[in-house]
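Before I ask anything, here is the structure I am working with.
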Amino acid sequence: MDRARYAADETFGWRRPWSGSAAREGVWSNVRSAEVLLLQLVSDEEASGRAGEVMALVKDHLDIDDPRRVRFARRLRSIISGQTTPSDRNLMIRALDAAYNALDDELARVRSLRNILWTATFLVLLGVAGLAVYGWFHPQSLSLCFAPKVSPGDTSGIDVVCPTAEHHNVPAGTPASALARPRDILTVEIAGLAGATLTVIASLRRIRGTDAPYMLPLASAVLKFPTGALSAFLGLLLIRGAFVPGLSDLDSRAQVLGWAAAFGAAQHLVTRLVDDRAQMTLSEVGRTTEAVTDPERAAVRESGAAGGPMTRAVPTAFPDGTGRDEEPHEAAAPDDGDGETGPDGLPPPHRRSGA
């Protein structure tokens, strides 16, 4: 608790965006560690009362085939009924500690992906801003102007279409890049940003709220804006380079801006993969998994608690919760007085009652 209090009171200053989240994880990690330690000290009655809470955490954060989850589920009814043994207490503590460790790992993955998305957003935004600045001072180098084809032999003049202006009756032979303006790239990026905004609004219907302490859906949505601006610039650059057949000649400024907005919206084809990964990571936090067969009921059937005879064919658990391939406790292995037991922890077949 002293460590949790120290982490909660620490001030990071300018390092808070990077260290603050890890500090919050440290607070809760130490608080959960204190809960595990307290479970070692409470009475058997209180431990039995917390068995259901521990089982809920175990089901949320441990895999369905985790040995600690399976063994604890098999002993859950006995623990709740007050028949708690020292091995049950140790099993409950280990299961709770494993569930909390799994929760810490899940939150760490969410924080790591959130940091990656914000870093990627910053880098893409830096690249978009750099293109706009470079195009402002050197508009001819990254020209997005188009010269529609004219009829052969027509020397009266040509038309040049740029993102910010249209030039008519330009002398034949004039390169289109010579008429580029400093605001061309910035205008295209703004049009791409507008197209990306529409996809963000449309994707809001797929975004689900989360109780995770990190705004991962927000980080995923913000990445779309600079990506839309960048895809608009790259898309028009590919059209101008005749990379897309049939789209090498744009006839008007409206067509240029329209295609820029379309390419800005097309960024969703790439960022959708990021959205899916973000949703998958969020779904792993506190996931509720259900068993195909209830291990607790299986253990009850095997122990004969349901009133029927014990199934001897394939024993999967002993009364103390240990598995078939684990060594049972001494109290769980019936003995006929001479101390001999079989390799599975039960008396030899010729000495078992009812054999």
Side-chain angles (χ1 to χ4, degrees), residues 7-8 10-29 101-137 142 185-186 188-238 260-261 263-287:
E10 186 176 0
T11 58
F12 297 94
W14 63 272
R15 297 182 294 111
R16 190 170 190 82
W18 294 272
S19 303
S21 300
R24 287 194 295 270
E25 288 183 17
V27 171
W28 286 109
S29 178
N101 288 334
L103 176 59
D104 291 338
D105 293 339
E106 294 164 6
L107 294 178
R109 287 194 294 270
V110 175
R111 176 172 57 88
S112 176
L113 182 57
R114 191 277 313 266
N115 293 341
I116 292 174
L117 291 180
W118 282 117
T119 303
T121 301
F122 174 76
L123 294 178
V124 175
L125 182 61
L126 189 64
V128 169
L131 287 174
V133 172
Y134 183 82
W136 188 277
F137 291 101
L142 297 175
I185 294 180
L186 181 61
V188 168
E189 290 178 351
I190 293 176
L193 187 66
T197 303
L198 292 178
T199 61
V200 172
I201 296 175
S203 64
L204 290 178
R205 61 182 178 85
R206 300 178 60 249
I207 295 179
R208 296 177 297 175
T210 175
D211 56 355
Y214 308 107
M215 295 183 291
L216 189 59
L218 177 61
S220 177
V222 172
L223 178 61
K224 297 178 183 294
F225 293 105
T227 305
L230 181 61
S231 62
F233 167 78
L234 293 178
L236 287 181
L237 194 63
L238 292 177
F263 280 116
Q267 51 76 33
H268 183 64
L269 300 176
V270 178
T271 56
R272 183 180 59 182
L273 303 177
V274 179
D275 295 339
D276 294 341
R277 181 58 187 172
Q279 292 297 333
M280 184 184 302
T281 304
L282 287 177
S283 65
E284 295 175 355
V285 179
R287 64 190 185 279

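Starting from 1, each residue takes its place in the sequence as its number. Computation of the quantities below employed the complete heavy-atom set of this structure, encompassing side-chain atoms and omitting hydrogens, waters and symmetry-equivalent molecules.
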**OP:** Supply the atom-to-atom distance L131 CG to L126 CG, rounded to the nearest 0.5 angstrom.
**Re:**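 Reported value, rounded in 0.5 Å steps: 10.0 Å.
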Original post:
Can any side-chain N or O of T197 pair as donor or acceptor with the backbone N or O of L193 at less than 3.5 Å?
Top reply: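 Here the side-chain-to-backbone pair exists.
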**OP:** Please report the closest heavy-atom contact between A232 and G192, naming both atoms and the distance.
**Re:**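 That would be CB-CA, 3.5 Å.
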Original post:
Quick one: does V124's side chain get under 4.5 Å of L230's, heavy atoms only?
Top reply: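 Yes, at least one pair of side-chain atoms sits under 4.5 Å.
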Original post:
Would you say the side chain of L113 lies within less than 4.5 Å of the side chain of R109, judging by non-hydrogen atoms?
Top reply: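 The answer is no; the side chains never approach within 4.5 Å.
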**OP:** Working to the nearest 0.5 Å, report the span between CG of N101 and OG of S29.
**Re:**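 These two atoms lie 7.5 Å from each other.
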Subject >> D275 and K224: CA distance, side-chain angles, deciding distance, side chain to side chain contact (heavy atoms under 4.5 Å, CB included) verdict >> reply: CA-CA 10 Å; D275 295 339; K224 297 178 183 294; 2.7 Å; yes
Original post:
What heavy-atom pair brings G228 and A196 nearest, and what distance separates the two atoms?
Top reply: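 Distance-wise, the nearest heavy atoms are CA-CB, 3.9 Å.
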Original post:
Does atom CH2 of W28 have more than 12 heavy-atom neighbours from other groups under 6.0 Å away?
Top reply: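 Counting other residues, nucleotides and ligands, CH2 of W28 stays at 12 neighbours or fewer.
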**OP:** Not counting sequence neighbours, which residues clear side-chain hydrogen bond (donor to acceptor under 3.5 Å, both in side chains) with T199? List them please.
**Re:**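 Expected list: Q267.
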**OP:** Would you confirm whether T281, through its side chain, and V110, through its main-chain N or O, come within 3.5 Å as a donor-acceptor pair?
**Re:**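 The answer is no, because no donor-acceptor pair under 3.5 Å joins these two groups.
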**OP:** Report the distance from atom CZ of F225 to atom OG1 of T121, rounding to the nearest 0.5 Å.
**Re:**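 Rounded to the nearest 0.5 Å, the CZ-OG1 separation comes out at 10.5 Å.
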Original post:
So do the side chains of S220 and T271 get within less than 4.5 Å of each other, counting heavy atoms only?
Top reply: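 With C-beta onward as the side chain, the pair stays apart.
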**OP:** Over all heavy atoms of both residues, which pair between I185 and G135 is shortest? Give the atoms and the distance, please.
**Re:**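 Looking at all heavy atoms of both residues, the shortest contact is CD1-CA, 3.6 Å.
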Subject >> Minimum heavy-atom distance between F263 and S231, given as atom pair plus value >> reply: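 Taking F263 first and S231 second, the nearest heavy atoms are O-OG, 2.8 Å.
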Original post:
Closest heavy-atom contact between A132 and L186?
Top reply: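 Result for this residue pair: CB-CD1, 4.3 Å.
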Subject >> Sub-4.5 Å side-chain heavy-atom contact between D276 and M280 >> reply: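 Answer no - side chains too far apart.
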**OP:** Could you check V270 against T227 for side chain to side chain contact (heavy atoms under 4.5 Å, CB included), going step by step and ending with a plain yes or no?
**Re:** CA-CA 9 Å; V270 178; T227 305; 5.6 Å; no
Original post:
Are the side chains of L117 and V222 in touch, meaning some heavy atoms are under 4.5 Å apart?
Top reply: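 In short, these two side chains do not touch, never coming nearer than 4.5 Å.
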Original post:
Does any non-hydrogen side-chain atom of F233 lie less than 4.5 Å from one of L142?
Top reply: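 Contact flag for L142/F233 side chains = yes.
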**OP:** Taking all non-hydrogen atoms of both residues into account, name the closest pair between L216 and A278 and its distance.
**Re:**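 Heavy-atom minimum between the residues: CD2-O, 3.7 Å.
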